[in-house]
Structure formats: structure tokens, C-alpha cells
Amino acid sequence: MPGQAQLEQDFFSTLSAYQVHPEAAEKAWDDICVHYSAPGRHYHTLSHLADVYEVLLGFKEKIHHWDAVFFALCYHDVIYDPARGDNETRSAHLAFEQLTALELPAEIISRCEAHILATRDHAWSADNDSNYFTDADLSILGSDTDHYLEYARNIRKEFSAYPEPLYAEGRKAVLRRFLARDTIFNMPELDRLEEQARQNMQQELKLLETNDKS
């Protein structure tokens, strides 16, 4: 099972294929680690990247531009401030800056940016590479109950600056938006998670609504 060590190794090997100097690659990875290990992060961490990477590997043969998706994975939450609503845009911009400095091909960088921006709403895209990526990013929603509850608790910790009523209203809006979709996941490969994802979110929503009344 791939983990953070495998993700790091693949980051270096992918950059090596573009003749990126090892020292520059190491600096780029260190910067990623600093961001994802920042204080206040509980879910959007390197562990999240490793989990999404594991899911993506199951789609690898179906993804047309793997390297672009891989770099999108590495950078998609590199900027994460719960108080702001432009994290995806800022993450895409940082990816552009760093991958440009590493002299990666413009097409790879452009596709990477597009995949990151697709995580703003995880909506269906005309580019199936983006659909696979956003589905993998949402795969936690269809995890078993214990893992989902841990995810929900960690999201709450990341929003600890917000009082419970304010957080609950925002969280309920997010859950209702996903539950209103015809399907949570865009690609049939994750249809198997659909029912569990809905059950998990409905359970969390019910708990939030119950707390409102107490």
C-alpha cells in the first residue's frame, strides 16, 4: 500500500524524468511538506495526499496526462486557510510558480492548475482526468463510518476558530450541497462509494441538526 514515503519517492522520480536537478526537487518537496505540516492542519495533511494518491493509482491507466494529475495532487491543498475562500486559486498559483521555476512543460503546468481549480466545487468536467482527480479527493466521503467520523472531527479542528453555531451552519450547507447532487462522484469507478458517502453525510447532517436543538 503506497504511503507518504512512496509519494515522496514518486515526486522525485517524476521530476527526474524532466531533468530537474535533485537539489531543486528536494527544495520543492521540502516546501510542500512545510505547507502540509503547518500548525492547525488536521485533515489537509501529507496523510491526505497519500490517501488520495492510493485511490488515484487505481485509475492510473485511465488517466491521459498522469504527471499533471500527480502534481495537482501534490499542490491542490498546499495553501489552506479556513478563513479564506480562495485557497484553490492560491494553491494553483503556487503550483504554477514552483513548477515553472522547475522548468516543467507549460502544458503540464496548465493542466495541473486546471485540476486544482476543479476542486473548488468538484463538479463534472469535460476533462476526465479532472473527474478522476476530484473523485479521488472526495473518496473519504465514502469511507467506513469510523474513518468518516475521524475526518469530520479533523475538519472541525481546522475550523476551531469558529464558534459551533457558525461552523455548523457552514458545514450543513456543504453537506446539503453534496447531498443535492445526482451523484457524489463523477466517474463510475467510484459508484461503489456512493451509498456509503450519502449515509455518512446524512448522519453528520443529522447530528449537526440535533445539536442545534439541544
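- Side-chain contact between Asp77 and His35 is absent, with no heavy-atom pair separated by less than 4.5 Å.
- Applying the side chain to side chain contact (heavy atoms under 4.5 Å, CB included) rule to Asp81 yields the partners Ala83, Arg84, Asn87, Arg90; only residues at least two apart in sequence or on another chain are considered.
- Contact check for Trp66 versus Asp129: no side-chain heavy atoms found under the 4.5 Å cut-off.
- With sequence neighbours excluded, the residues that form a ring pair (Phe, Tyr, Trp, His ring centres under 6.0 Å) with Tyr151 are Tyr43, Tyr148.
- Tested against Leu56, the residues Asp135, Asp137, Val69 include a single side-chain contact (heavy atoms from CB on, under 4.5 Å) partner, Val69.
- Note: His44 and His48 have perpendicular aromatic rings, judged against thresholds of 30 and 60 degrees for the angle between ring planes.
- Here Tyr36 and Tyr80 keep their ring centres 6.0 angstrom or further from each other.
- Aromatic ring pairs are classed by plane angle as parallel below 30°, tilted from 30° to 60° and perpendicular above 60°; the pair Phe11 and Phe71 is perpendicular.
- For the pairing with Asn200, the side-chain contact (heavy atoms from CB on, under 4.5 Å) check across Asp144, Thr145, Leu141 returns one residue only, Thr145.
- Residues that satisfy the side chain to side chain contact (heavy atoms under 4.5 Å, CB included) test with Leu117, not counting sequence neighbours, are Thr89, Ala92, Arg120.
- Between Asp10 and Tyr53, the side chains place a donor N or O and an acceptor N or O closer than 3.5 Å (distance only, hydrogens not considered).
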Inset, instruction - Let me see the working for Glu194 and Thr183 under side chain to side chain donor-acceptor pair (under 3.5 Å), right down to the final yes or no. - result: CA-CA 7 Å; Glu194 183 78 22; Thr183 58; 5.1 Å; no
